[in-house]
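Here's the structure, in structure tokens; my notes come after.
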Amino acid sequence: MADIVTFVPHDDLDAQANMAGFIELCKSKLTVFGRTLAFEEDIWDVSRTIKLKGRNQAVRLVFSNHQASEEPLPTMMAEPFKAFAKSYVRYQYGMKPSVGLARRMGALRALEAALQESGTSDPVRIDTHILNRAAQLAAERLAVSTAYGTAGQLKMIADFLCDNRLTAVPTRWRHHLKHPDDHNGRVGKDADERRAAKMPSQAALDAIPRVFRLATEPGDVLVSAATGILCSAPDRINEVLLLPVDCEVRQKRSGSDGNAYGLRWWPAKGAEPMVKWVISSMSGVVEEALAKIRGITDEAREVSRWYEKKPGMLYLTKETEHLRAQERLSMADVNEILFADPVHRTTARQWCVDHKVPFEKHGEKLYVRFEDLESTVLQMLPDGFPYLHEPTGLKYSDALFVIQRHALHATLTRLRCVIEPVSQGNIYIRLGAGSKHGIKSIFDRCGLFEPDGSAIRVTTHQFRHYLNTLAQSGGMSQLDIAKWSGRKDVRQNKYYDHETVDAVVARIREAVGDDTRMFGPLAKGPRAALITRDEFARLKVPTAHTTDFGYCIHDYVMTPCQMHRDCLNCGEQVCIKGESEKEKRIRQAHDEATRLLAMAEQAETEGELGASEWAEHHRAQLARTSALLDILDNPLVPRGAIIQLMPTDTRSRLDQAEQARALPPAPIVEDSLPTIEEETA
């Protein structure tokens, strides 16, 4: 546990003195990132403090400057800003821990670059102009959303400097960058491109089951099996990689002979541990996938159990156990102990050289001491062993995705006595992330490509978007989708809903004439027609676009909108039960109509001019929303039902305007006009 020390600025000191005190406190008194942290170094290894879920990789903080990405050998920040940057990162991690420090580091780099442009690198000289320039530099180099987040970090730095009197001119600053679009629109080329980027291609969806059957190499088998699990439920890859080996749950279904089948999950973003039930059509695939993974990872769990039971002792198989009694080992012995697969006779010697295991020469042969080899191998065990994920208490011996070192590496030989977790990188590479660099994916090795001949590439998160979109189009409730996906906030569902406008139109057309799925005049229309339902639906619903309350099926090719956004009173407005955001707006409109009606009736009682017309209008509006809510709240109406109310006899905005123009002008009564004497009086 790191010691947290709070910095308290002194009122009687200037900014330079307070800055020096802050840097000295962070350098000598804080233990964040470890007591042995080499503060003066420009690269900090913080892997023991920051654990990235599902990523078997070192975490390093590099205090390079803003131009580092364009240089073969990055240049570090200039002093004295670098000392402040190191102190700020260390102090803020103690106060506000964050796994992702990229934006915090990006903000510091942009701030240092802005200072350098002004001719200094002293953080005490930071002011509004420097901060504005730093935000501008971030916007020029980074993507819109990343730049916005970096500007937010700049504001945190500015507030910290001001609150602690660390600048010559105290500055309260707000950045000028606009909040990025949430990309939740459905219509247009950009929307289609965003949707395609977040969803797996059709070629990928067709290729995945084929790879699941065709893969033979252990790495390909493991990755295709993991992909099979991702296709069964909308999971994050780090959740899959933290599955326990005994994750399967079978439960008797009430009123059925079969069992429900599910997996135990620990959601990655705060939801409670849960069992995700797998639909029956996918349960066989998941069972087979788990069996394949266990077959590849069983030996690694055996190694893990050995080190748990016998810490400090090198793992040896039954065939090599006799070598434990030997003081010295030949290179052939080392090969047999280390490598699980046949290797060249010189491999052991090179391995010992690479890992600095000392040699002893006897005659013409090289030997190593058993205790030296044992010590070297034990140091290669993963950090935190025996726990793969300490917050959940998951040990390597109980984890599903644990392998022997280099088991998934393309060129290195698998080590028999060293283990490691399967990382996200192992999965990404085999799903096509390395195709541009000549690294073959599971699709390439099975001879599967996109229709244009390009390599198939898919990300693990695309399956989550795909399954969420299927759930949305299938009418699953928003609460169920959030729970199925392991979310705490139902509002996050909308970022995973990529149902196209064409799909929405198809849903409405399919419901036309079916009074069990649609409520309104279109439910009965086809019964009097001499054409099929599909043909009638295409005639009646040529297009649709989203509104605040549902979808408008008005054909703008024929006429412009006659209601001018008075959607609730329009007969061409349809609502879909289960769309929580739109239902919420309908309820808000109902509450507003109730409140306005009460105000209008009060004014009518008090005899105010025109109040009766407003009261009549709000009664009609309230009746309209009440009728719609009665259908939405009816438990007999299924989710996904298409609801259309009869059109009102309310005159459209254009009709009202036309009527107003047709009225004769009000007569002017001459007696009422003031005389010249009255005006000048």
So, [X] side chain and [Y] main chain: donor-acceptor pair closer than 3.5 Å or not?
X    : Y    : value
S201 : A204 : yes
T146 : L142 : no
Q379 : T376 : no
R405 : M380 : yes
S28  : C26  : no
Q404 : R414 : no
S423 : N426 : yes
Q92  : V89  : no
R90  : L30  : yes
R165 : D14  : no

Rounded to the nearest 0.5 Å, how far does [atom2] of [Y] lie from [atom1] of [X]?
X    : Y    : atom1 : atom2 : answer
I293 : L400 : CD1   : CG    : 5.0 Å
Q116 : L137 : CD    : CG    : 11.5 Å
W44  : L37  : CH2   : CG    : 5.0 Å
S304 : K309 : OG    : NZ    : 11.5 Å
E420 : H409 : CD    : NE2   : 9.5 Å
L388 : D383 : CG    : CG    : 12.0 Å

Taking side chain as C-beta onward, heavy atoms only, is [X] less than 4.5 Å from [Y]?
X    : Y    : value
L338 : V377 : yes
C162 : R172 : yes
V249 : R264 : yes
P80  : S121 : yes
M19  : P123 : yes
Y88  : L108 : yes
M76  : N65  : no
I229 : L263 : yes

With a sphere of 6.0 Å drawn around CD of E390, does it hold more than 12 non-hydrogen atoms of other residues, nucleotides or ligands?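 Incorrect, the count does not exceed 12.
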Do other residues, nucleotides or ligands put more than 12 heavy atoms under 6.0 Å from the OH atom of Y387?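 At most 12 heavy atoms, drawn from other residues, nucleotides or ligands, come within 6.0 Å of this atom.
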Determine whether the side chains of [X] and [Y] contain a donor N or O and an acceptor N or O closer than 3.5 Å.
X    : Y    : value
Q16  : D122 : yes
Q136 : R141 : no
N132 : W173 : yes
D372 : S375 : no

Y307 and side-chain contact (heavy atoms from CB on, under 4.5 Å): which single residue from I419, L314, V418 fits?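 Only match with Y307 under side-chain contact (heavy atoms from CB on, under 4.5 Å): L314.
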[X] bridged to [Y] by N-O distance under 4.0 Å:
X    : Y    : result
K276 : D235 : yes
D298 : R301 : yes
K27  : E24  : no
E79  : K86  : no

Give a yes/no verdict on a cation-pi contact between K82 and F63, requiring under 6.0 Å between NZ or CZ and the six-membered ring centre and an angle within 45° of the axis.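 Pair K82/F63 does not count as cation-pi.
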Sequence neighbours excluded, every pair satisfying salt bridge (charged side-chain N to carboxylate O under 4.0 Å, His left out) that has a member inside residues 100-119: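 For residues 100-119: E117-R133.
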Using the ring-ring contact (aromatic ring centres under 6.0 Å, His included) rule, take F22 and F160 through it: C-alpha gap first, then chi angles, then the decisive distance, then the call. CA-CA 12 Å; F22 172 65; F160 179 82; 5.3 Å; yes
Examine F81 together with F84 and report whether their ring centres are nearer than 6.0 Å.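 F81 vs F84: aromatic centres under 6.0 Å.
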Taking all non-hydrogen atoms of both residues into account, name the closest pair between Y148 and L177 and its distance.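 Reported closest heavy-atom pair: CE1-O, 3.6 Å.
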Criterion side-chain contact (heavy atoms from CB on, under 4.5 Å) on I130 and S118, from CA distance to verdict: CA-CA 8 Å; I130 299 296; S118 68; 3.5 Å; yes
Aromatic ring pairing H355/W351, orientation class (parallel under 30°, perpendicular over 60°, tilted between):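 Parallel: the ring planes of H355 and W351 meet at under 30°.
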